[in-house]
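For reference, the structure is listed below as structure tokens.
In listed order, ligands and their atoms are each counted from 1. On a predicted model such as this, the values are computed, not experimentally measured, just so you know.
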Amino acid sequence: MAPSFDVVVIGSGFGGAVTSCRLSEAGLRVLVLERGRRWSPKTYPRTTGDPWIWDHAHPEKRNGWLDFRLQRGVCVAQGAGVGGGSLIYANVLVEAPRELFESGWPAEISWNELVPYYERVERMMKPRAVPENQVPERLKILRQAAAASGYETRYRPLPLAISFDDEWHYGRDRPFDLAHSRRWINEHGKEQGTCVHCGNCYLGCQVAARNTLDLNYLARAEIMGAEVRPLHIVRTIEPEDGRYRVHYERIDQKRLVAGSVVADRVIVSAGSLGSTELLLRCRDQFGTLPKIGPRLGYRWSANGDFLTVSIQQTPVNPTHGPTINAAVDFLDGGVGGKRFFVEDGGFPDFLRGVIDKELRFDARNLSFSMMVFSLAFALRRSGQFPNMMPWFGQAMDAADGQLYLGRRFLAPWRRRLKLKWNCSASRDTIDAMVAMHGAFAKATGGRALSPLLWKVLKTLITPHPLGGCSMADSPREGVVDHRGQVFGYPNLFVADGSVIPRAIGLNPSKTIAAVSERTATLITTER
Ligand SMILES: Cc1cc2nc3c(=O)[nH]c(=O)nc-3n(C[C@H](O)[C@H](O)[C@H](O)COP(=O)(O)OP(=O)(O)OC[C@H]3O[C@@H](n4cnc5c(N)ncnc54)[C@H](O)[C@@H]3O)c2cc1C
Ligand code: SF4
């Protein structure tokens, strides 16, 4: 007989870590099934032969750090591993603007309703702004751009889930030396260090200065008795005698081994693409959850993510400091009526070497090749990497994408997740953000390079996919109710970015975590 749990949580990113922690604190027997590895500073990929890529076709062979999915019009980047997107993310933990909740959400969800849940996330993740005595050059350029353009009141440093040492500064002897990191033990018994501004946040922090989910929410869940199984890919969910059976494949010595578990409740937290794909397969491919409504896959958003590169006249050193540090906020629509958020951005030094020397043009992956070549072109043309300024941004795009499974006449295992995405309704907003990037570059004596991927192919790259299983008041409008419970399936919940029904317009993880805190609270109180 398959083992039985009170709750099975699928995925261990922001939704999965929060719910598994809170439900195990409430005394429930929780099992977390996570497709990726359990990473640590000893195993993070670092050189070109390391496990970088998650391969959907052959996860038993390639189950690396980054899941990069190419869809028509949008390339989506996601993390894979215990801790989900927190392993790879840029540490920005910021609340959504109040106006976000004025429309598009179920009646029960408002900004005021989420305040206590945002506070819980904050207590766990402990974000703070980069100390003023150690701001990187990129922050100074962004601040200068805002001031020179008359937007200084819109400028603000961002809260980062990083542990800083107030004594550290750029004037130190060999400032980035890992030996400068101070060691400490966090409240969950995990050893961490303080930030030495090495710029490698996307690649995993060698000194564990980033307050990632494996070091807080998941650590707490395990202390409270939750079991976390890495390298378990969930394939289907089916109702069984008032409970749910979850079928998975375990990666074992380059083989996939089938297994299943039964639970009273299931929480799907595989991320916007992962959760939507899993439920689409359950409804349309295997027929195990046929009652899921017609809105599954809809209201998908790329969160208006965009990167522009400029060449400045003075050194920027994009590889120094945390990846993102500050923002200029246009989300009120007060400038030209478009809602967007501009940030400074950075690159790990390692990526420069890979992009510049090792990646080859691949005609089968035109969008990916264009992206890589735009970057490589910028690098080579500038001839001086230190003067490159990456300007990041997010925007309230139209959230009108649709995820679906490819053609039916293909063998079931070959039906791929696809995206219908037409940029026309979001185009003016993205163009306004790109124009602001250009204006900021100019205001600081730089020159923005033309974003070829957008100009030529109208393709976006997003690390912030949202929607697909959106929250709504009824099954005619969405897939889950305000608690995250799937319409028509009691005790089947979704808690992650897929339930967010519209673009947030800034970094989404804090809002995803807050909504998941609320789902967990309602599950435990209703119980
Ligand atoms: C490079 C990068 C930088 C980013 N920077 C920021 C930032 O600074 N601030 C911010 O707010 N956001 C940032 N994000 C976005 C943030 O990481 C995501 O919004 C967030 O992680 C989404 O949380 P989630 O719970 O929806 O999904 P995820 O965190 O993606 O978690 C989903 C988990 O489910 C697992 N999974 C998927 N399918 C299955 C399956 N079938 N079976 C078992 N497990 C499965 C995945 O491996 C993953 O661990 C960044 C993302 C990237 C890629
Ligand atoms: S800059 Fe380096 S030390 Fe600081 S949080 Fe990022 S990876 Fe860690």
Of [options], which has the heavy atom at the shortest distance from [atom]?
atom: atom 18 (C) of ligand 1; options: P463, G13, A513, G497; value: P463
atom: atom 40 (C) of ligand 1; options: V76, T511, V234; value: V234
atom: atom 37 (C) of ligand 1; options: P127, A270, P465; value: A270
atom: atom 21 (O) of ligand 1; options: S269, G83, A90, G85; value: G85

How does [X] reach ligand 1, by side chain, by backbone, by both or by neither, if only non-hydrogen atoms under 4.0 Å count?
X: L278; answer: neither
X: H232; answer: backbone
X: V92; answer: both

Answer yes or no for R281 and F286: cation-pi contact, defined as NZ/CZ to six-membered ring centre under 6.0 Å and angle to ring axis within 45°.
-> no

So is R220 actually on top of Y217's ring, under 6.0 Å and inside 45° of the axis?
-> no

Any salt bridge between E60 and K254, counting N to O under 4.0 Å?
-> no

Side-chain ion pair, R35 and D67, N-O less than 4.0 Å = yes

Determine whether the aromatic ring centres of W168 and H197 lie less than 6.0 Å apart.
-> yes

For the ring pair Y44 and Y202, is the centre-to-centre distance below 6.0 Å?
-> no

Step by step, would you call W65 with W54 a ring-ring contact (aromatic ring centres under 6.0 Å, His included)?
-> CA-CA 6 Å; W65 182 252; W54 178 273; over 10 Å; no

What are the protein N/O/S atoms, named by residue and atom, that sit under 2.8 Å from atom 8 (Fe) of ligand 2?
-> C205 SG

Any side-chain donor-acceptor pair under 3.5 Å between N186 and Q192?
-> yes

